[in-house]
Structures are given as C-alpha cells and as structure tokens.
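Heads up, the thing below is written out as structure tokens.
Labels below follow one simple rule: chain letters A, B, ... track the order of the sequence lines, proteins then strands, and each chain is numbered from 1. Keep in mind the model is a prediction, meaning the values are calculated, not measured.
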2 protein chains.
Amino acid sequence: MLRGDITAAIRNAVMNELAEVGYGRLSIEAVARRAGVGKTAVYRRWSNKLEMVLEIVSGVAERSVPMPDTGSFATDLQLTMFIVSKALQHRIASQIIPDLMAEAARNPKIAETLHRALRTHQTAVGETIVGQAVARGELPKGTDPGIAVDLMIGPLYWHLAVTRTPIDEDYLEKMANAVTAALKAAPAGPPAP
Amino acid sequence: MLRGDITAAIRNAVMNELAEVGYGRLSIEAVARRAGVGKTAVYRRWSNKLEMVLEIVSGVAERSVPMPDTGSFATDLQLTMFIVSKALQHRIASQIIPDLMAEAARNPKIAETLHRALRTHQTAVGETIVGQAVARGELPKGTDPGIAVDLMIGPLYWHLAVTRTPIDEDYLEKMANAVTAALKAAPAGPPAP
DNA sequence: TGACGTCGAAACGCAACCGTTGCGTCGTCG
DNA sequence: CGACGACGCAACGGTTGCGTTTCGACGTCA
C-alpha cells in the first residue's frame, strides 16, 4: 500500500516548502498542493505537521558524513571544513538549517531531533579528528574537544549562515591554518608577547 | 498625539511575542492582546507586521555597543567576547536573533536591516580591535579583519545560539587565548610541525 | 470478475487572523 | 466649555489553514 512515488513527492515538497517559507508558516495544504497530491495522502502518512517535518528532516540528516582520517590533522581539518562549507552553501540546506535552529529554541522536540543529528554527524566528526590528532602528537594532550569543535565549525557557520557571504578556497585554507594554530596553543595560559 | 506609554507597551509586546512564537507566526492580534491594547492603536503606528517589527527591532539594536580600547589585544578581545556572550545569553535576544537571522535568509528587507545593525555594532567592533592591535604590532600586518571577526564571533554564536549550552569564565578565557594564537599565526602558510 | 485500498478532488465545520470601520469614552488643548 | 483626537471594544467580510469526511476513479491481487 502507500505508493512510494507519492511519498517521495511529498518528502521533496516538504523540503522545498520548508526552505521557502520556513517551519512556522509551513502548511500541509501547501505541501500537498506543491506535491500535486491530495491532503488525504499526507494525512495517511503523518498525523502532524511537526511529526511529518521531524521524520523527513531527520531522514535526510541521517545520510552520513564521511569521517576523514588522512593521517594529518591539517588535512583532516581542511577536508572537514570543506565538507561543512559545501553543506552550508547548499541552496536548500542553507535555508532550512538556520530556520530549524531558531525553531528548536522554542520547540523541545525539534531541539532534541536536531541536536541528535548534529551531535552524531558533525560534532562527533570534530571530536574524532581532534582525538586522532592528539594521539598522533599533533595537538597537545589536554586539548578541549568542545572548544575545538566550536573553533572549527563556528566561524564557518557564522560566515555562511549568518552573514551569508560566499567563501573561496583561499578563505578555507587561511581559516584552517588559523584554527590549527589556535588549537596547538590552546591549553597554555595567556600567550607570551 | 499617540500616547507614549501605549507605544512602549506595544514595543515590549512585540519583543516578547517575537521571542515566543517567532516572526513567522507573529500576529498583530496577539501583539495587541498582549499589550492590552486595541488593534487600532497598533495600526495607527505601523501599517505592516514587517514594518512594525523592523522599526522596533532596529530601534533596540541601535543601542550602541561599547568599543573596547584597553591597550592590549588580549583584553580587548576577552572583553568583547564577554559582551557578546552576555548578549547571546539574554533570554529574549537569544530567541529573537536566530529567528530573525533565519527569516533574513528569505526576506531581503529583514536581511538589509539586520545586516546593517550587525555590521555597525558588532563587525565594526571586531575590525577596530584588530586594526588597533595591528597598529600596536600585536598582530601581524596582513591580518585579515574578516577572518578575525569570524574567529572572534563565530565560535560564540555557534556555541550559544546553536548548541545552546551555557558557557563559563573559563571557556571564555580559553577561547580568547585560542583566537589570539590563531590570529598571530594567521598570514603564514601551513604551520611548521 | 470482484473486493480492497490508495488515489485526487471537493467540501465540511471550526478557528485564527487580516485590515477596516463605527461607536462611545476620556483627556487635553484652546 | 467645546472641539479634537487617541483610546478600547466589537464587529465586519474575506482569507487561510486545520483535520475529517465523502465520493468516484484506478490498480492490484486473488
């Protein structure tokens, strides 16, 4: 039962509608309209706007992120930042992600789903890379993985999702170098002048 | 004409409503209800939801940010990060800012207003601090102000507005040290092993 | 061939909000 | 005192979306 092509059309419509109008203004009527489908077909699959969005979005988010292990922290880092920057510049993702982030601030279910996706698929990558680098002796032993992740992802997210200006290879390289330098100096006190 | 206390009540209601339900679901009826005011009073002041929100929000954002000049980049930086972190942990601001950021991605007027506020009141601070530090010789001459701002604000924004876990003094100090180290090493190529 | 279940379309009653209007009250200015 | 204007309140007609229901068409399996 439940034709697969129709389910796919709805999933697709939800993602696009989400990107265009955001979660707050997303309506099931509009989704059905966009998918070329009756409302009946939607309600037969999900009972809620919330349930529908969560299921579809986390389905997409589950598509795994490659875990780099090139043998060098610098290249691991640059590769990771490259992947994240690609994701954050994706036409649909770049609209949906900040929107759901904001929505998560007031809807616990969204927060939970989003943070799980984030943790398993982004933060974990960062923590692994840092762990490998520490094991290799490239980073000091006490390196704080939390700060490391913030340093790796924060500037990218800020630049791409907030100020929304595109970045080039040069930017990525400079930033990766800066982050590497930051982490190598991390556990020390105030840097010597 | 136009009683000031009522205008203030509406402004206040808009900020709170914005924090609770977000721009997308904000309704003028709810604002008036919350302010204890007739819809008439609202429409007499602004003609649009958009116009109203923009005027009120940019009014709030205009409250200027202090420009630190302590004579040392490290303290300037830490002070700035402290201020930004306070702002991003404010109950209302922490809800409204990400919401409007997301909304800006699809509404050019919001984007314009928000980016102007951002540029004049945050980015400018960062660029000034970096400029001073370069003039003092604390940072290398070619230091890229754009990257510097991303490094200073990005991790804070990511941590506070996205992952939404609180931070302490220790975190701030570690992060400030890391950022300083990053910027001192910035214009160089791949760091020596 | 017939039974079953999904499909699109359309309509249902209900609720919320839009932006506007008319009404009667109240405070202020002249 | 009288005119004026902002105020609240309530109602307007119109739109949009909710979640449900009914209908006939179609496809699939037995």
Original post:
Can you tell me how far the CD atom of Q89(A) sits from the CG atom of L156(A), to the nearest 0.5 Å?
Top reply: 9.0 Å
**OP:** Rounded off to whole Å, could you give me the CE-to-C1' distance for the M1(B) and dC29(C) pair?
**Re:** 11 Å
Original post:
Whole Å only: how far is the CZ atom of R44(B) from the P atom of dT21(C)?
Top reply: 13 Å
Original post:
Reckon R3(B) has a side-chain N or O less than 4.0 Å from the OP1 or OP2 of dC7(D)?
Top reply: no
Subject >> Qualifying residue, where the test is side chain to side chain contact (heavy atoms under 4.5 Å, CB included) with I97(A) and the options are L118(A), L88(A), L114(A), I92(A) >> reply: L88(A)
Subject >> Parallel, tilted or perpendicular: rings of Y157(A) and Y157(B) (30°, 60°) >> reply: parallel
**OP:** Could you tell me the separation between the CG atom of L2(B) and the C1' atom of dC26(C), rounded to a whole number of Å?
**Re:** 16 Å
Original post:
Distance from L50(A) atom CG to E103(A) atom CD, nearest 0.5 Å?
Top reply: 9.0 Å
Subject >> Distance in Å, T113(B) OG1 paired with I110(B) CD1, rounded so as to fall on 0.5 Å steps >> reply: 7.5 Å
**OP:** Look only at the side chain of R106(B) and the backbone of E20(A), and say whether a donor-acceptor pair between them is shorter than 3.5 Å.
**Re:** yes
**OP:** Could you tell me the separation between the CG atom of D5(A) and the P atom of dC7(C), rounded to a whole number of Å?
**Re:** 9 Å
Subject >> Nucleic acid footprint by protein, nucleotides 12-26 of chain D - heavy-atom cut-off 4.0 Å, B for base, S for sugar-phosphate alone >> reply: -----SBBBB-----
